[in-house]
Amino acid sequence: MTTLASAIHLLAALFLLAAFAMLSQRRLANLITLYAWQGAILASCIALAAYATGSAHLYASALLNALLKILLVPALLRSLARRLDVQWDRESLVQIPTVMLIGLGLVIFAFNAALPIAVPGAAINHATVGIALAALLLSLLMMILRATALSQVIGFLALENSLIFAATSVTYGMPMVIEFGIALDVIVGIFILGVFFFHIREQFDSLNIDRIEGHHE
Amino acid sequence: MIAHLLVRQTIQILFVIAMAPLLAGWIRQCRAWLSNRSGAGLLQPYRELFKLLRKQPVVAEEASMLFVATPYVVFAAMVVAGAMIPMITTRLLLAGAADAVALAGVFTMARIFAALAAMDLGTAFGSMGARRTMLVGFLAEPALLMVLFTPALISGSTSLVVIVHDLARHGVILYPSMVFAAAAYVMVTLAENARLPVDNPDTHLELTMIHEALNLEYSGRYLALIEWSAAIKLLVYIGIGAALFLPWGITQGPGLAGLPMAYALLVAKLAAAGTGLAAIETLSAKLRLFRVPEFLGTAFLLAVLGLLVRYLFGH
């Protein structure tokens with residue numbers, strides 16, 4: 001058990017913790033901060049993997065992720081939240097402790113599904129597949145349970161974080177072109193969704209998604 | 001051999017009883033410094049205890065035996081808990097007497113007696129405090145057990161001696177599972193000892209108080225015993241935390257030579273933990289009572305995550 005591997009495992013566990021914290025957070029400003037923290041954990045995880053394998057493109061990926069997820073995207077989200085004047089997510093129908101328990105169930109499922117892959121000692125990052133899968137399911141759960149459009153988008157971004165995390169742990173990152181492509185997609189996606197939010201609000205006077213469901217015709 | 005063990009056991013019990021008010025005083029002093037006050041000094045809890053011990057206790061006419069017996073039961077339970085924990089040395093007379101699960105049981109027994117005694121007189125504050133204590137207790141106990149199970153899984157035994165022995169042998173490895181368990185343990189400690197995010201230890205008459213509501217009817221030496229056992233409980237909780245998560249410097253050998261060093265290290269750990277506790281209390285505001293289940297639910301979640309992460313990583 002090397003120090004490096006246990007450091008990566010610790011960061012992976014913290015990544016999962018950040019996913020849980022986002023699931024339980026109602027305040028939008030704190031949610032964005034947590035997203036930035038998750039990005040920071042992801043970037044340092046990639047940097048450690050880069051150090052372990054000595055590959056230059058993982059270093060570039062870590063730098064790209066850090067720039068995008070600690071600085072750029074949270075800044076964009078903050079300005080969106082300010083201009084839309086939303087601070088709190090509406091109290092959801094499902095209580096927070098219940099959400100946590102559902103989340104725990106998902107984690108157990110994900111870990112069980114990943115155990116055949118995560119043979120202890122096979123390679124330094126393989127045990128983190130389970131963590132990535134669990135974080136992915138938790139972000140999906142967050143998208144399902146949240147009422148306002150902005151926090152659903154943050155759930156979507158957390159989903160993308162988990163995917164990058166999974167890619168890093170399984171195959172030591174994707175080719176550089178694809179990572180740049182994804183990064184560009186995320187930024188463009190946020191811009192488009194930002195414009196979309198204003199349209200939703202103009203049309204329905206609210207960002208709550210269930211208001212829209214009534215307008216089928 | 002038995003004489004050796006007896007000597008160590010006696011020293012540890014005396015240390016726990018004597019040092020508990022000093023720890024309480026240290027935490028109060030740190031909180032005073034952190035909020036820019038000068039504070040009453042480290043020895044203030046001793047002065048309060050001596051004052052209370054000299055006063056004549058007043059007991060209501062309707063009080064039953066239970067009410068009078070409870071301070072002694074609670075005090076004895078805390079001393080027993082303090083005697084069982086290998087926080088200085090793993091070679092203790094009573095260390096093998098109970099494992100981690102029984103330890104949680106000792107705390108629960110003290111809590112049940114305190115709650116029953118508070119309801120004994122039928123005053124409004126007493127029964128309200130009793131219900132709140134039981135609410136916090138029934139939420140904190142599963143979290144505490146889950147926290148204790150993580151190191152128990154790592155070392156393969158629920159006996160505290162084996163756990164400490166095993167963890168101390170491994171040296172400095174940051175287990176992810178233990179990090180989660182430690183975070184959950186801090187939250188449980190705050191809730192169980194009625195510290196700030198859950199209960200405010202400074203207030204004496206407030207609708208939301210928990211610990212103080214239990215003691216409102218006590219006076220004189222009974223109140224002194226209750227306050228003293230609360231201080232011992234805090235020391236014991238920090239002692240368990242130090243034994244599980246920072247097991248360095250706990251002597252394993254049969255001789256008495258390592259003891260002074262172990263005691264010095266424990267005092268340093270207690271002082272550091274007290275400073276940390278004061279910092280947490282200064283930085284956080286009291287939670288609404290109905291947010292407490294959420295707080296303790298998070299502690300439970302962290303502890304279970306620790307267990308799951310251990311299964312995934314295999315260490």
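In what follows, chains are A, B, ... by sequence order, proteins preceding strands, each numbered from 1.
Between B/F245 and B/Y185, the ring planes lie tilted relative to each other; the angle falls in the 30° to 60° range.
In this structure, the portions of A/I131 lying under 4.5 Å from any heavy atom of chain B include both its backbone and its side chain.
Annotation: side chain to side chain contact (heavy atoms under 4.5 Å, CB included) contacts of A/D185 (sequence neighbours excluded): none.
Contacts with chain B (heavy atom to heavy atom, under 4.5 Å) involve these residues of residues 17-24 of chain A, listed by number: A/L17, A/F20. Contacts between residues 33-41 of chain A and chain B, defined by a heavy-atom separation under 4.5 Å, are made by no residue at all.
Using a 4.0 Å cut-off between charged nitrogen and carboxylate oxygen, B/K286 and B/E281 do not count as a salt-bridge pair.
Ring-centre distance between B/F107 and B/Y237: below the 6.0 Å cut-off.
In this structure, B/V309 and B/S177 approach most closely via the heavy-atom pair CG1-N, 4.3 Å. The two residues B/M209 and B/E212 come nearest to each other via the heavy atoms SD-CB, 3.6 Å.
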Acceptor/donor pairs from residues 134-156 of chain B side chains to any protein atom, 3.5 angstrom cut, sequence neighbours excluded:
{"unit_1": "B/E141", "atom_1": "OE2", "unit_2": "B/T108", "atom_2": "OG1", "d": "2.0"}
{"unit_1": "B/T150", "atom_1": "OG1", "unit_2": "B/M146", "atom_2": "O", "d": "3.4"}
{"unit_1": "B/S155", "atom_1": "OG", "unit_2": "B/P151", "atom_2": "O", "d": "3.0"}

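When each of B/V198, B/N193, B/N200, B/D199 is paired with B/H211, the side-chain contact (heavy atoms from CB on, under 4.5 Å) condition holds for B/D199 and for no other.
Counting heavy atoms from C-beta outward, A/L77 and A/V73 have side chains that approach closer than 4.5 Å.
In this structure a side-chain-to-backbone donor-acceptor pair under 3.5 Å is present from B/K233 to B/E192.
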